[in-house]
Amino acid sequence: MTTDRRIKRTRDALSNALITLIKTTPLKKISIQSVVDIADVSRSTFYVHFDDVFDLYEQTINELLAGLADRMDADYPGPQENNFAVLTKDFIAYIEAHKEAFVTLTRAQNTDFLNRFTPFFVEKVLTLERLDRNNPSEYYGVTYSVTGTIGVITQWLHNGAQTENPDISNILQNIFEQY
């Protein structure tokens, strides 16, 4: 089921307004009024889509994570493969398309984005690799790989994403294949 373009445009405007505000304001202090002012929508329109600012935040984070998860589901190499080229290029392209949100959320001291990002992808990789979460070697091996990848991506974003997609994708692909 596809979302009506007007609904998507409104929800995107509200999410983008929230991201803009998070740059300078703690999440707990962001008001609905400040969000709707920046998004240029009415309060009643806000309430059609979200219960409050925290609901907007939750849904914004969930959409970003779902977008990355979709790329993993589509592009993760099969059990006999070790080529992460397509996955890393699509992953980085998605992050670049949502760069402002990822930069803001990885820098923000007042959000739990990185604390949610890491376990989400640890579980995703464990599932895709068909590994046992209860096996310490497998669990911590995946945790190491995921946190390292997130660290590289975070540093890349915080350094202005100056390394082009093919280059950062190749760097990540080499890391995946080595470790």
Side-chain angles (χ1 to χ4, degrees), residues 2-3 5 8-9 11-24 27 38 57-131 133 137-179:
T2 59
T3 304
R5 285 187 300 219
K8 181 170 178 11
R9 194 171 27 248
R11 291 176 67 88
D12 286 350
L14 291 165
S15 289
N16 290 338
L18 177 68
I19 295 300
T20 298
L21 288 164
I22 287 175
K23 291 177 187 177
T24 59
L27 183 61
I38 291 172
Y57 171 76
E58 287 295 318
Q59 289 190 42
T60 299
I61 298 301
N62 290 341
E63 280 184 36
L64 289 169
L65 293 176
L68 290 172
D70 289 346
R71 272 123 195 101
M72 287 184 76
D73 289 338
D75 300 330
Y76 203 86
Q80 304 306 317
E81 301 174 68
N82 196 27
N83 187 342
F84 289 87
V86 174
L87 174 63
T88 56
K89 281 182 179 63
D90 285 353
F91 214 69
I92 295 300
Y94 181 82
I95 290 170
E96 283 181 317
H98 300 87
K99 183 175 164 182
E100 183 179 3
F102 280 101
V103 168
T104 301
L105 293 168
T106 57
R107 281 193 172 154
Q109 299 289 321
N110 59 358
T111 68
D112 65 346
F113 181 69
L114 285 175
N115 292 337
R116 291 175 55 187
F117 192 39
T118 303
F120 181 86
F121 283 101
V122 166
E123 292 302 324
K124 191 78 179 156
V125 171
L126 286 168
T127 300
L128 289 168
E129 291 282 341
R130 294 180 177 89
L131 297 174
R133 178 183 212 307
S137 180
E138 291 178 352
Y139 175 76
Y140 289 113
V142 169
T143 300
Y144 173 80
S145 179
V146 167
T147 55
T149 300
I150 291 171
V152 169
I153 291 170
T154 300
Q155 288 303 308
W156 172 70
L157 287 168
H158 293 185
N159 289 331
Q162 294 174 2
T163 305
E164 298 293 321
N165 180 341
D167 296 328
I168 195 69
S169 295
N170 287 336
I171 290 166
L172 286 172
Q173 179 181 350
N174 290 335
I175 291 169
F176 292 156
E177 290 172 1
Q178 287 178 356
Y179 305 100

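All of these numbers come straight from a predicted model, not from anything done at the bench.
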Within a strict 4.5 Å, meaning less than it, do heavy atoms of the [X] and [Y] side chains meet?
| X | Y | answer |
| --- | --- | --- |
| Ile95 | Leu68 | yes |
| Thr60 | Phe113 | no |
| Gln59 | Arg11 | yes |
| Phe121 | Val142 | no |
| Asn170 | Lys89 | yes |

From [atom1] ([X]) to [atom2] ([Y]), nearest 0.5 Å:
| X | Y | atom1 | atom2 | value |
| --- | --- | --- | --- | --- |
| Thr147 | Leu114 | OG1 | CG | 11.5 Å |
| Trp156 | Thr106 | CH2 | OG1 | 11.0 Å |
| Ile19 | Leu14 | CD1 | CG | 12.0 Å |
| Leu157 | Ile150 | CG | CD1 | 11.5 Å |
| Lys99 | Thr104 | NZ | OG1 | 11.0 Å |
| Asp73 | Lys124 | CG | NZ | 3.0 Å |

| query | Salt bridge between Lys8 and Asp12, side-chain N to carboxylate O under 4.0 Å? | reply |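 So Lys8 pairs with Asp12 through a salt bridge.
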| request: Hey, can you tell me if Phe102 and Phe117 have their rings parallel, tilted or perpendicular (30° and 60° cut-offs)? | output: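 Tilted.
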Please find the pair of heavy atoms, one from [X] and one from [Y], that lie closest to each other, and give the distance.
| X | Y | value |
| --- | --- | --- |
| Asn165 | Ala93 | ND2-N, 3.5 Å |
| Thr118 | Val146 | O-CG1, 3.9 Å |
| Ile153 | Ile92 | CG1-CD1, 4.3 Å |
| Val125 | Tyr76 | CG1-OH, 3.7 Å |

Is a side-chain donor or acceptor of [X] paired with a backbone partner of [Y] at a separation under 3.5 angstrom?
| X | Y | answer |
| --- | --- | --- |
| Arg133 | Leu126 | no |
| Thr88 | Ala85 | yes |
| Thr20 | Asn16 | yes |

| query | Do other residues, nucleotides or ligands put more than 12 heavy atoms under 6.0 Å from the CD atom of Glu123? | reply |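 More than 12 heavy atoms, drawn from other residues, nucleotides or ligands, come within 6.0 Å of this atom.
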| task | Could you give me the CA-CA distance, side-chain angles and deciding distance for Asn62 and Phe120, then say whether side-chain contact (heavy atoms from CB on, under 4.5 Å) is met? | result | CA-CA 10 Å; Asn62 290 341; Phe120 181 86; over 6 Å; no
| task | Take Phe84 and Leu172 through the side-chain contact (heavy atoms from CB on, under 4.5 Å) test and state the conclusion after the steps. | result | CA-CA 8 Å; Phe84 289 87; Leu172 286 172; over 6 Å; no
